[in-house]
Engineer: 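Sharing a structure below in structure tokens format, with a few things to ask.
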There are 2 protein chains.
Amino acid sequence: MDKPPVPVTARCPVRTALELLGGKWKLLILYQLEQSPARLSALKARIPDISEKMLIQELKVMVDSGLVHRKNFGEVPPRVEYRLTEKGRLAMPVIAACRAFGQAYVRGLRE
Amino acid sequence: MDKPPVPVTARCPVRTALELLGGKWKLLILYQLEQSPARLSALKARIPDISEKMLIQELKVMVDSGLVHRKNFGEVPPRVEYRLTEKGRLAMPVIAACRAFGQAYVRGLRE
DNA sequence: CTGCATCCGTTATGATACTG
DNA sequence: CAGTATCATAACGGATGCAG
């Protein structure tokens, strides 16, 4: 019900990123949407251990921040598709960097 | 009571990164350590809104995961210096990507 | 199918005072 | 200065039932 006055403007850009992408699921959801647009049920299947509540909640947050677009087909039964926006694509390098880090870190454990 | 069998090995690398770098403070601390090694008090000064508890706690976690090195000079009064390890440097691209994302996102808001 | 609301336990985070 | 202990609160996350 409350709108934070100035959530993400004019500050340390790393903090901006943390606010927009932080949390347990946002990057993983964006990671899936990177491959292709998807419906809620498809996302749920691709991220098996996320609860439906968190999935919807995080999608809504990212729709509000402009990272994800929500397209309601207005059909019956309901059909809704989620896909990345242009802003959402800006997050792809972050995901790529995380992937690279994760791989390099694990590789380092085996040397 | 339960230990996850395989915490960070052999899994989605993005999740590995999230586990090691996730949370509100780790990236910000690493970001400061990127510039130069620093003592606890210096870090606290550079990250004004972190509590001492969280700073020490997160540093300890990252020492345990091998991202940060802790050097105790064994002097009186105490003197401890924190700096990045080689593994810690692997996270720098993630921070750079977050910076770039934050800047690009904010820039997008003004167009 | 998609989405929302509610209850509830766990975790994360913080303020403060204290120790060596 | 570096670190610990305690206590409180806020945020997170999950299960379930309900609605359009």
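Note on naming: letters A, B, ... go to the chains in the order of the sequence lines (proteins, then strands), and numbering restarts at 1 for each one.
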Engineer: Within the supplied structure, the quantity of interest is the number of heavy atoms (other residues, nucleotides, ligands) at a distance under 6.0 Å from Glu86(A) CD; does it exceed 12?
Structural biologist: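 No.
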
Engineer: Select base, sugar-phosphate, or nothing to describe what Phe73(A) touches, counting heavy atoms under 4.0 Å on all strands.
Structural biologist: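 It contacts nothing in the nucleic acid.
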
Engineer: Test Trp25(B) against every option in Ile47(B), Leu30(B), Leu55(B) by the side-chain contact (heavy atoms from CB on, under 4.5 Å) rule and name the one that passes.
Structural biologist: Ile47(B)

Engineer: Just the rounded figure in Å: distance from C1' of dT11(C) to NZ of Lys53(B).
Structural biologist: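 After rounding, the gap between these two atoms is 11 Å.
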
Engineer: Answer yes or no: is there a donor N or O on one side and an acceptor on the other, between the side chain of Lys26(B) and the main chain of Gly22(B), under 3.5 Å?
Structural biologist: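 Present.
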
Engineer: Give one of base, sugar-phosphate or nothing for Glu75(A), where a contact means two heavy atoms less than 4.0 Å apart.
Structural biologist: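 Touches nothing.
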
Engineer: Take atom CG of Asn72(B) and atom C1' of dG3(D), then tell me their distance rounded to the nearest Å.
Structural biologist: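 After rounding, the reported distance stands at 11 Å.
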
Engineer: Between dG3(C), dG20(D), dG14(C), which one does the side chain of Trp25(B) approach most closely?
Structural biologist: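 Comparing dG3(C), dG20(D), dG14(C) against the side chain of Trp25(B), the answer is dG14(C).
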
Engineer: Which listed nucleotide (dT2(C), dG20(C), dG3(D)) is nearest to the side chain of Val80(B)?
Structural biologist: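 Given the options dT2(C), dG20(C), dG3(D), the side chain of Val80(B) is closest to dG3(D).
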
Engineer: Mind listing the residues from residues 36-48 of chain A sitting with a heavy atom below 4.0 Å of DNA chain C? Number order is fine.
Structural biologist: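 Contacting residues: Arg39(A), Leu40(A), Ser41(A).
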
Engineer: Would you call Arg15(A)-Asp49(B) a salt bridge at under 4.0 Å N-O?
Structural biologist: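 A salt bridge is present here (some side-chain N lies under 4.0 Å from a carboxylate O).
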
Engineer: To the nearest Å, give me how far apart CG (Leu55(A)) and P (dC12(D)) are.
Structural biologist: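 To the nearest whole Å, that distance equals 16 Å.
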
Engineer: Could you work out which one of dG13(D), dC4(C), dT2(C) sits closest to the side chain of Met54(A)?
Structural biologist: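 Taking heavy atoms from C-beta onward, the closest nucleotide is dG13(D).
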
Engineer: What is the separation between atom CD1 on Ile50(A) and atom P on dC12(D), rounded to the nearest whole Å?
Structural biologist: 14 Å

Engineer: What about Val61(B) and Leu59(B), same hydrophobic cluster or not, with Ile/Leu/Val/Met/Phe/Trp/Tyr joined at side-chain heavy-atom distances under 4.5 Å?
Structural biologist: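 No, Val61(B) does not connect to Leu59(B) through the hydrophobic network.
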
Engineer: For Glu52(B) and for Gln57(B), find the nucleotide of DNA chain C with the closest heavy atom, then tell me which residue's nucleotide is more 5'.
Structural biologist: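 Of the two residues, Gln57(B) wins.
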
